[in-house]
Amino acid sequence: MNLEILLLAGDGIGVEVTREAEKVLRHVAEAFGHSLSVSRGLLGGAAIHRHGDPFPEETRKLALEADATLLGAVGLPEFDNAPPEKRPERGLLGIRKALGVYANLRPVECYRALLACSPLKNELVEGADLLIVRELTGGLYYGAPRGISGSGAEERGVNTMTYTRAEIERIAHMAFQLAQKRRKKVTSVDKSNVLETSQLWRRVVTEVSAQYNDVSLDHMLVDNCAMQLVMNPKRFDVVVTENMFGDILSDEAAVLAGSIGMLPSASLGGKRESGAWTGLYEPVHGSAPDIAGQNKANPLGAIGSVGAMLQYSFGLVEEARAVSRAIEEVLISGRVTADLRPSGPPATTSEVGDAVCAALAVRAASA
Ligand code: IPM
Ligand code: MG
């Protein structure tokens, strides 16, 4: 198979974690006999520096042409006070919208080897395995009107939370279909005791559930969900929710996995002729400018995102499985970065990438 990938390192630690992710991707391609062509583009702060635009036209073109896009992270403190359209984050919102990747899958897996890393009691976390399905191209992030206007006491900031039936239906179908391949349980999270968008959300998700008799559905208010995630995480299988709630809950859920550096994500849009998904793959962690360029960042979220890409955009299930097994082996070996609090001296970003490649190589040789 020929894999045409766009690589967008972005800002901060995005650069170093995607370097390792690319290394792993090359290893997998070689071991399994696929050819790989990688193009590169700019997004976020790096793109503002070069083009004055966080999502340049050239990047849009490359993303639309590629089979799949692998992204590091965006965001730099120097833009903290810039207007929204000149912020790196706008580049990320731009590419998500341009690719139409409306479903953001954020699996939270609690590896046994990392149990001690979670600040939660081990018995609460052990065996937790959930998938957050975050709606990614609607809601407060994109709703209009938006902006800041007026002056003095009347100066006003506005954002709009809006969802159409069609937007809710497609993410609900995605959640139910994913649940069918897991433990067959969907929890839909909203704030329907206050928000009209949530009332519509709840009604439409319930309607869609009638088409999935093998999957159970429950509804939970987002504030309660925030609490249940740390009190009883094992009660969750698939969690489906709107954009902003999903953003917040997925950071919270990261504590279950021991470190946000562990979390991969896949953002999926429509299906292509080949039957594979249009996809954007990125670790959930941000650009972490405070540790950028120090070879300290955990690359496993980015490497896990490569696994997700192989699975969803190319249907290469065996290859994806090889990546997750290699990750698990590296975790067990203890050669991990500082965020995972190893007992010995922490490994560097590149050492972790090398260790994953070595684990892959051993498996390929013995296969
Ligand atoms: C995420 C990030 C982004 C988001 C930011 C960087 C715009 O927090 O992917 O979770 O809010 O979607
Ligand atoms: Mg976030």
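Residues L6 and L268 are members of separate hydrophobic clusters, defined by side-chain heavy-atom contacts under 4.5 angstrom among Ile, Leu, Val, Met, Phe, Trp and Tyr. By the criterion of side-chain heavy atoms lying less than 4.5 angstrom apart, applied directly or through intervening Ile, Leu, Val, Met, Phe, Trp or Tyr residues, F79 is not grouped with I13; the two fall into different hydrophobic clusters. A continuous path of ILVMFWY side-chain contacts below 4.5 Å connects L360 to V306, so both sit in one hydrophobic cluster. Hydrophobic clustering, with ILVMFWY side chains joined whenever heavy atoms are under 4.5 angstrom apart, keeps L71 apart from L36.
Judged by distance alone, with hydrogens and angles left aside, the side-chain atoms of N243 form no donor-acceptor pair with the main-chain N or O of G139 at under 3.5 Å. Checking side-chain atoms of E154 against main-chain N and O of R156 turns up no donor-acceptor pair under 3.5 Å. Remark: side-chain polar atoms of S313 are paired, donor with acceptor, to backbone N or O of W277 under 3.5 angstrom. Side-chain N or O atoms of E4 include none that pairs as donor or acceptor with a backbone N or O of A66 at under 3.5 Å. Side-chain atoms of S192 do not come within 3.5 Å of backbone N or O of Q199 as any donor-acceptor pair. The backbone N or O of T137 sits less than 3.5 Å from a side-chain atom of E135, completing a donor-acceptor pair. Listed for the D11 side chain is a donor-acceptor partner under 3.5 Å among the backbone atoms of A46.
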* Using the salt bridge (charged side-chain N to carboxylate O under 4.0 Å, His left out) rule, take R87 and E89 through it: C-alpha gap first, then chi angles, then the decisive distance, then the call. => CA-CA 5 Å; R87 290 185 61 115; E89 290 79 1; 3.2 Å; yes
* To do: Under the salt bridge (charged side-chain N to carboxylate O under 4.0 Å, His left out) rule, what do D218 and R235 come out as? Steps first, then yes or no, please.
  => CA-CA 11 Å; D218 64 346; R235 79 170 298 295; 2.6 Å; yes
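A side-chain hydrogen bond (donor to acceptor under 3.5 Å, both in side chains) check over residues 35-48, counting only residues at least two apart or in different chains, returns the pairs N2-S35, E22-R40. Applying the side-chain hydrogen bond (donor to acceptor under 3.5 Å, both in side chains) definition to pairs two or more places apart or across chains, those involving residues 69-86 are H49-E78. The list of side-chain hydrogen bond (donor to acceptor under 3.5 Å, both in side chains) pairs with a residue in residues 253-267, not counting sequence neighbours, reads N104-S265, N104-S267, S259-D339. Listed by first and then second residue, the ring pair (Phe, Tyr, Trp, His ring centres under 6.0 Å) pairs that reach into residues 93-151 come to none, sequence neighbours excluded. Within the structure, every pair that satisfies the side-chain hydrogen bond (donor to acceptor under 3.5 Å, both in side chains) test and touches residues 282-293, not counting sequence neighbours, is listed here: R96-E282. Identified under the ring pair (Phe, Tyr, Trp, His ring centres under 6.0 Å) test for residues 218-275, with sequence neighbours left out: none.
Among residues two or more places apart in sequence or in another chain, the side-chain hydrogen bond (donor to acceptor under 3.5 Å, both in side chains) test is passed with E16 by none. By the side-chain hydrogen bond (donor to acceptor under 3.5 Å, both in side chains) test, D354 pairs with K23, sequence neighbours left out. Scored by the ring-ring contact (aromatic ring centres under 6.0 Å, His included) test, Y212 finds H173, F176 as partners (sequence neighbours excluded). Legend: residues meeting side-chain hydrogen bond (donor to acceptor under 3.5 Å, both in side chains) with R165, ordered by chain and number and at least two apart, are E169, E207. In this view, D251 satisfies the side-chain hydrogen bond (donor to acceptor under 3.5 Å, both in side chains) rule with no residue, not counting sequence neighbours. Remark: R335 engages E351 in a salt bridge (Lys or Arg N to Asp or Glu O under 4.0 Å) (not counting sequence neighbours).
For the pair V133/V186, no side-chain contact is recorded, criterion being any heavy-atom separation below 4.5 Å from C-beta on.
A side-chain contact (heavy atoms from CB on, under 4.5 Å) with D190 is found for exactly one of V205, L221, V222, namely L221.
Side-chain contact check for H51 and E58: no donor-acceptor pair (N or O, by modelled atom type) lies under 3.5 Å.
Residue D237 comes nearest to R183 through the heavy atom pair OD2-N, 2.9 Å, listed as atom of the first residue, atom of the second, then distance.
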